[in-house]
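Single-structure report; data block below.
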Amino acid sequence: MNTNGVFDESHVTCARDMALVGSALFAYPQFFDACQTQQYVIPATETVEEHVFQQHHHMLLDGNTDYYENAVGGKTGYTTEAENTLITMAQNGDKRLVCVALKTYEGHLYSDTRAMLDYAFSNFGRVSIEENDDCDGFELKDSAATVTLPANVSFDGLDRKFEEKGEGEAVVTYYYKDNPVGSCEVTLEEGVSDVSSSEESKEEDDAATVEEKESASLSVKLGIILAFVLGLLVIILFFTIRTIRKRRKRRRRYDSRRRRR
């Protein structure tokens, strides 16, 4: 990624990169003041002519058919190689979202963005960590910390991992199906030197349980295969003995007839 937007094969980015940039911008409200300005004019001087800067992000233009009331900022983009791109920041109550559309057909750029934002606002919510985690062995530095979850997922269904940042301090990150959904800095309680070790121990126990189950499953499969092989051998042996007896019986009949002659 470069500062001028001119195409270069060695300069690349992705939707996640752009989303991280957009997310960081929520810490700078003055940026959104600038974004929501419909038009800005730099008056002419004795040496420079007047410059007029228009807002080009349709979702920020009041009266435009693509206007989106929850949009608070964003940036448009286009090059021949990248085609249409759009990043949009939106806020509805305490929910803040960043939507990124890359290499999108112009006619779908704003409708796709609206659909994604509406879906996220309707199907995801923020859940308090303090109200749902027993915080055994640690204390949250930010009591207002939250995780973002799908509407039908409970806090109890999350996994958590600790990363120590120093003596008595760590960051706890919560995961839903291996996807991070929130984190918070914590202070380890006195006498608790390594919270992560208990988490790792739990993971090791879980891994051991899975290994035991897989081992038991393998034993069952081997038992079934062995039983099948033994059964097959018994059947083969049965028919072999039966065939031998029939041949002996036929041989005796043949010998008896020869004697009579």
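These figures come from a predicted structure and were not determined experimentally. One is the number of the first residue; the rest follow in order along the sequence.
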The complete set of salt bridge (Lys or Arg N to Asp or Glu O under 4.0 Å) pairs with one or both residues in residues 27-55, sequence neighbours excluded, reads none
With sequence neighbours excluded, what pairs up with Tyr174 under the ring pair (Phe, Tyr, Trp, His ring centres under 6.0 Å) test? Phe155
From CD (Glu139) to CD (Glu185), nearest 0.5 Å: 13.0 Å
Considering all heavy atoms of both residues, which atom of Met89 and which atom of Gly22 are nearest to each other, and what is their separation? CG-O, 3.8 Å
For Ile235, which fellow cluster members are found when Ile, Leu, Val, Met, Phe, Trp and Tyr are connected by side-chain heavy-atom distances below 4.5 angstrom, either directly or through intermediates? Phe238, Phe239
Contacts satisfying salt bridge (Lys or Arg N to Asp or Glu O under 4.0 Å) that involve residues 99-111 (not counting sequence neighbours) are Glu83-Lys103
Members sharing Leu222's hydrophobic cluster (side chains within less than 4.5 Å): Leu218
Identify, with sequence neighbours excluded, every residue that meets side-chain hydrogen bond (donor to acceptor under 3.5 Å, both in side chains) alongside Thr146. Arg126
Expected output: side-chain Glu81 to main-chain Val6 donor-acceptor under 3.5 Å: no
Quick check for you: to the nearest 0.5 Å, what is the distance between Met116 atom CE and Thr88 atom OG1? 8.5 Å
Tell me whether Lys165 is salt-bridged to Glu163, with the criterion being a basic N under 4.0 Å from an acidic carboxylate O. yes
Quick one: does Asn123's side chain have a donor or acceptor within less than 3.5 Å of a partner on Tyr119's backbone? yes
Using a 4.5 Å side-chain heavy-atom cut-off and chaining through intermediate ILVMFWY residues, the residues clustered with Tyr67 come out as none
Other than Val48, what residues sit in its cluster of Ile, Leu, Val, Met, Phe, Trp and Tyr side chains whose heavy atoms are under 4.5 Å apart, directly or through others? none
Under the ring pair (Phe, Tyr, Trp, His ring centres under 6.0 Å) rule, collect the residues that match up with Tyr176, sequence neighbours excluded. none
Residue set satisfying ring pair (Phe, Tyr, Trp, His ring centres under 6.0 Å) with Phe124, at least two apart, ordered chain then number -> none
Not counting sequence neighbours, list each pair that qualifies as a ring pair (Phe, Tyr, Trp, His ring centres under 6.0 Å) and has a residue in residues 76-108. Tyr105-His108
Kindly compute the distance separating OH (Tyr68) from CG (Asn92), expressed to the nearest 0.5 Å. 7.0 Å
Measure the spacing between CD of Gln55 and CD of Gln38 and express it to the nearest 0.5 Å. 6.5 Å
Rounded to the nearest 0.5 Å, the CD atom of Gln30 sits from the CG atom of Leu25 at a distance of 9.5 Å
Drop me the distance from Cys184's SG to Arg160's CZ, to the nearest 0.5 angstrom. 12.0 Å
Who passes ring pair (Phe, Tyr, Trp, His ring centres under 6.0 Å) against Phe53, sequence neighbours left out? none
Whether the side chain of Ser219 engages the backbone of Ser217 through a donor-acceptor N/O pair (distance < 3.5 Å, no angle test) should be reported. no
